[in-house]
Amino acid sequence: MLIGGLQQMTLLDYPGQVAATIFTVGCNFRCHFCHNPALVLPEKFGEGLKTEKDVLDFLRARKKLLDGVCITGGEPTLQKDIVEVCESIKDLGYKIKLDTNGLRPHIIQKLMKKDLIDYIAMDIKAPWNKYEQVVGVKVDLDKLKQSVKIIRESGLPHEFRSTVLPGLHTAEDIIRMAKQVKGADAYYIQRFRSEPELVNQEFVSENKFLLKDLEAIRNEIKDWFKVCKVR
Ligand code: SF4
């Protein structure tokens with residue numbers, strides 16, 4: 001597994017758990033607003049990658065302090081040994097949360113069949129008809145729809161979430177994204193935050209939606225989910 005970083009403790013990444021977060025390197029999307037270019041753009045992949053051994057040794061030593069491990073990216077399902085790494089983490093007694101963009105449903109299914117995932121979060125980047133515009137690459141929408149179905153019907157705790165910004169999404173788009181995953185456990189509308197470095201530098205000075213506008217949208221869709229929040 002190509003590991004670009006390890007956050008040693010987070011209370012935010014894995015709902016209800018004290019967790020560590022593993023950041024995998026490499027992504028099959030190029031979302032303009034992505035604030036992890038070092039994990040996404042091959043020319044920015046840095047030196048000093050961590051090894052699985054480093055990470056597993058760390059997790060072994062922290063067993064009494066942490067409950068779970070969040071595996072994020074980049075896109076973790078691209079890692080050739082994701083199954084083996086998840087097995088090693090589970091063997092240490094941790095719960096696993098997987099963050100995914102949903103483009104590799106067969107890997108998600110494989111991990112679920114082996115009981116290696118305890119919580120799954122999938123990004124919904126755009127209404128289906130605008131997906132390629134937002135993620136910057138050609139997309140097989142059937143694969144994304146398969147992932148939505150697998151996750152929604154998995155019986156596992158799950159969430160879908162959309163990072164939104166006025167330069168790419170309209171209010172109507174947000175409602176359409178929510179409709180694409182209607183009936184899911186949770187849907188989060190995430191307000192875009194800029195960083196000095198994004199995958200597309202032209203988006204560094206993009207505006208954000210006003211919180212009150214996002215709350216108004218949330219009010220329209222909140223009954224479609226058990227949990228629906230702006231964050
Ligand atoms: S935001 Fe987009 S480009 Fe960045 S890691 Fe996630 S899926 Fe990949």
Side-chain angles (χ1 to χ4, degrees), residues 1-7 10 12-14 21-46 49-50 69-80 82 85 96-108 111 117 119-148 150-151 158-169 173-174 177 180-181 186-204 206 208-209 231:
M1 179 176 274
L2 282 176
I3 299 170
L6 172 69
Q7 185 171 351
T10 169
L12 299 175
D13 291 354
Y14 191 154
T21 299
I22 296 171
F23 295 87
T24 63
V25 174
C27 190
N28 42 8
F29 283 176
R30 294 290 181 272
C31 307
H32 302 291
F33 51 79
C34 174
H35 52 79
N36 277 329
L39 301 174
V40 170
L41 303 174
E43 67 273 20
K44 298 210 179 234
F45 292 173
L49 295 180
K50 292 193 180 301
V69 175
C70 175
I71 306 181
T72 191
E75 173 50 38
T77 62
L78 289 173
Q79 302 296 322
K80 289 194 174 63
I82 180 89
V85 173
I96 296 179
K97 172 185 177 238
L98 179 76
D99 288 348
T100 182
N101 63 24
L103 199 52
R104 305 196 86 207
H106 61 293
I107 302 291
I108 294 172
L111 290 166
I117 304 180
Y119 189 109
I120 184 159
M122 176 176 159
D123 292 342
I124 299 295
K125 307 287 190 185
W128 299 133
N129 68 330
K130 280 179 74 172
Y131 233 87
E132 294 185 354
Q133 181 190 334
V134 173
V135 304
V137 295
K138 284 227 156 291
V139 177
D140 183 343
L141 288 176
D142 283 345
K143 293 206 163 137
L144 296 179
K145 291 176 188 175
Q146 274 176 45
S147 290
V148 169
I150 290 166
I151 292 168
H158 61 270
E159 70 181 52
F160 295 91
R161 66 271 179 99
S162 302
T163 299
V164 296
L165 55 162
L168 290 172
H169 304 99
D173 286 340
I174 301 173
M177 287 191 278
Q180 287 167 185
V181 295
Y187 180 65
Y188 295 99
I189 303 170
Q190 301 182 147
R191 201 165 170 235
F192 166 72
R193 64 184 161 83
S194 190
E195 296 276 344
E197 267 207 280
L198 298 175
V199 161
N200 183 344
Q201 281 302 99
E202 289 174 19
F203 280 73
V204 167
E206 275 292 313
K208 297 174 184 178
F209 277 104
R231 64 185 181 193

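The basis for the numbers below is simple: all heavy atoms, side chains too, and nothing from hydrogens, waters or symmetry mates. Both counts, for ligands and for their atoms, begin at 1 and track the order of listing. It should be emphasised that the depicted structure is a prediction, and the values quoted were computed from it without experimental measurement.
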Below 4.0 angstrom from a heavy atom of Lys125, which ligand 1 atoms are there? Numbered from 1 as shown, please. 1 (S), 2 (Fe), 6 (Fe), 7 (S)

Under 3.5 Å: donor-acceptor pair, side chain of Glu159, backbone of Ala121: no

Taking the side chain from Tyr14 and the backbone from Val69, do they hold a donor-acceptor pair closer than 3.5 Å? no

Gln146 side chain to Gly102 backbone, donor-acceptor under 3.5 Å: no

Atoms of the protein (N/O/S only) found under 2.8 Å from atom 4 (Fe) of ligand 1: Cys34 SG

Does Lys145 have more than 12 heavy atoms from other residues, nucleotides or ligands lying within 6.0 Å of its NZ? yes

Please lay out, stage by stage, how His32 and Glu206 fare under the test side chain to side chain contact (heavy atoms under 4.5 Å, CB included). CA-CA 11 Å; His32 302 291; Glu206 275 292 313; over 6 Å; no

Hey, is the main chain of Asn101 close enough, under 3.5 Å, to the side chain of Glu75 for a donor-acceptor pair? yes

